[in-house]
Amino acid sequence: MFDKFVFSLEVFPPKKISSIDTIYNTLDNLKDTKPDYISVTYGAGGSAADTVTCDIASTILHKYGITPLAHLTCVNYTKHEIGQILDLLEENKIENIMALRGDINPSIPPKKEFSYASELVEFIKNRGGFYISGACYPEGHVDAENIDEDIKNLKKKVDAGAGHLVSQLFFDNSYFYNFLDKVRKAGITVPIQAGVMPVINKAQIERMVTLCGASLPSKFTKMMQRFEHSPEAIREAGIAYAVDQIVDLVSQGVDGIHLYTMNNSYVAKRISESIKGIIHA
Ligand code: FAD
């Protein structure tokens, strides 16, 4: 799948299991965008009974005929529990996994059998049966001392068996291009998809920046300030900004685009529609 330009979408399970139908409505709306795959995030977890990601990934495959990519975090699991989750994914014919460390949650003590994503990658690789992807950070991961250290650690993840990477979101493409330069010089040759998130309200951007520390170019902050009081204007501007980012990324020959949909199928469809003529040109 990753030997050509890839366009993919990301969805997340609803917080309350009672709202599970909302994700199926979202998928109903997204299926016509014909992504190469749809990824499903994984909660910080801590219990091997967390099957919702697998359930959604399985629906993506069996109901819509779209390739799913299931995320899996490891710090809050033992090897035995991860083994059980892998068995369940395999039973459901899910072949693609995004192997992640997961954020350290102060209220959930880590199980200490996995410390980094590279250890999960190695564990899955040794077990066999899955194609493994990993995460990367164009502006450096928040825990890393600096970007060069982070790239050294990224190389360990790729050397352990991650055959494909998806980037954290960013709003200034120059960070992604500089990152690609450094990563390629470090000998990482696997395909790297650029993660793009359309920002369609002010609360969303404040939350995102706190979580991942993405830099905001002045073009972006001016847009947010100018339109923050009009939900329709900020949505339209956010869509236009994401499309503009993607056109530039595709022009520069990136390996693929991963759209963080935030389960907003309207916005995802608008963006997919706008870029469909260029992504496979
Ligand atoms: P790692 O690759 O392990 O890196 C974490 C930190 O440890 C980095 O600072 C790295 O430099 C450092 N490090 C790595 N290896 C070593 C080593 N051997 N020695 C010393 N330092 C090391 N979170 C969720 O909870 N669920 C999701 O579904 C989810 N999906 C995501 C998808 C993408 C594309 C991205 C970019 C992030 C996602 N996250 C998700 C967030 C992610 O879990 C956090 O960013 C987490 O803090 C790091 O996970 P990682 O897999 O990148 O960790």
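Whatever order the structure lists them in is the order used to number ligands and atoms, beginning at 1. Values below: all heavy atoms of this structure, side chains included; hydrogens, waters and symmetry mates excluded.
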Q. Do any pairs count as a salt bridge (Lys or Arg N to Asp or Glu O under 4.0 Å) and have a residue in residues 32-42, sequence neighbours left out, and if so which ones?
A. Lys4-Asp36
Q.
Can you confirm, on distance only, whether ligand 1 has an N/O atom lying under 3.5 Å from any N/O atom belonging to Tyr260?
A. no
Q. Hey, what do you get for CZ (Phe179) to OG (Ser174), rounding to the nearest 0.5 Å?
A. 13.5 Å
(Q) Can you name the atoms of ligand 1, numbered from 1 with element, that are less than 4.0 Å from a heavy atom of Lys156? (A) 17 (C), 18 (N), 19 (N)
**Q.** ligand 1 atoms in contact with Ala135 (distance to a heavy atom under 4.0 Å)
**A.** 33 (C), 35 (C), 36 (C), 52 (O)
Q: Look at atom 44 (C) of ligand 1 and find which of Thr53, Val75, Asp103 reaches it with the closest heavy atom.
A: Asp103
Q: Give a yes or no on whether Gln252 atom CD has more than 12 heavy-atom contacts from other residues, nucleotides or ligands under 6.0 Å away.
A: yes
Q. Hey, is ligand 1 close enough to His71 that some N/O pair sits below 3.5 Å?
A. yes
Q: Could you say whether the N/O atoms of Val40 and ligand 1 ever approach to under 3.5 Å?
A: no
Q. Val190 versus Phe2: any side-chain heavy-atom pair under 4.5 Å?
A. no
Q: Assert yes or no for the condition that the ring centre distance of Phe114 to Tyr77 is strictly below 6.0 Å.
A: no
Q | For Ala144, atoms of ligand 1 separated by under 4.0 Å from a heavy atom | A | 9 (O), 11 (O)
Q.
Quick check: Ser115 and ligand 1, any N/O pair under 3.5 Å apart?
A. no
**Q.** Element-labelled atoms of ligand 1 that are located less than 4.0 Å from some non-hydrogen atom of Val166
**A.** 34 (C)
Q: Would you list the pairs meeting salt bridge (Lys or Arg N to Asp or Glu O under 4.0 Å) in which at least one residue belongs to residues 88-98, sequence neighbours left out?
A: Glu90-Arg127
Q: Decide if atom NZ of Lys125 counts as having more than 12 heavy atoms of other residues, nucleotides or ligands within a radius under 6.0 Å.
A: no
Q: Report yes if Thr41 has an N/O atom closer than 3.5 Å to an N/O atom of ligand 1; otherwise report no.
A: no
Q. Do any nitrogen or oxygen atoms of Asn153 come within less than 3.5 Å of a nitrogen or oxygen of ligand 1?
A. yes
Q: Closest by any non-hydrogen atom to atom 2 (O) of ligand 1: pick that one out of Glu145, Gln168, Lys157, Arg101.
A: Lys157
Q | Tyr137: numbered ligand 1 atoms lying under 4.0 Å from its heavy atoms | A | 36 (C), 37 (C), 42 (C), 44 (C), 45 (O), 48 (C), 49 (O), 50 (P), 52 (O)
Q: Report yes if the side chains of Leu88 and Thr51 come closer than 4.5 Å at any heavy-atom pair, otherwise no.
A: yes
Q. Distance only, no hydrogens: is a donor on one side chain within 3.5 Å (strictly under) of an acceptor on the other, for His258 and Ser167?
A. no
Q | Steps toward ring pair (Phe, Tyr, Trp, His ring centres under 6.0 Å) verdict (Tyr175, Phe170) | A | CA-CA 8 Å; Tyr175 281 100; Phe170 54 88; 8.5 Å; no
**Q.** Close-contact set for ligand 1 against Asp150 heavy atoms, below 4.0 Å
**A.** 8 (C), 9 (O), 10 (C), 11 (O)
Q.
Considering both backbone and side-chain atoms of Ser118, is one of its nitrogen or oxygen atoms within less than 3.5 Å of a nitrogen or oxygen in ligand 1?
A. no
Q. How close do Glu113 and Glu119 get, heavy atom to heavy atom, and via which atoms?
A. O-OE1, 4.2 Å
Q. Asp248 and Tyr177: side-chain donor and acceptor closer than 3.5 Å?
A. yes
Q: Decide whether the shortest distance between a heavy atom of Gly102 and an atom of ligand 1 is less than 4.0 Å.
A: yes
**Q.** Leu72, Leu69, Ile104, Leu100: member with heavy atom nearest to atom 39 (N) of ligand 1
**A.** Leu100
Q: Pull out every atom of ligand 1 sitting under 4.0 Å from any heavy atom of Asp143, numbered as shown with elements.
A: 9 (O)
Q) Of all the atoms in ligand 1, which lie at a distance below 4.0 Å from a heavy atom belonging to Tyr42? A) 24 (C), 25 (O), 26 (N), 27 (C), 28 (O)
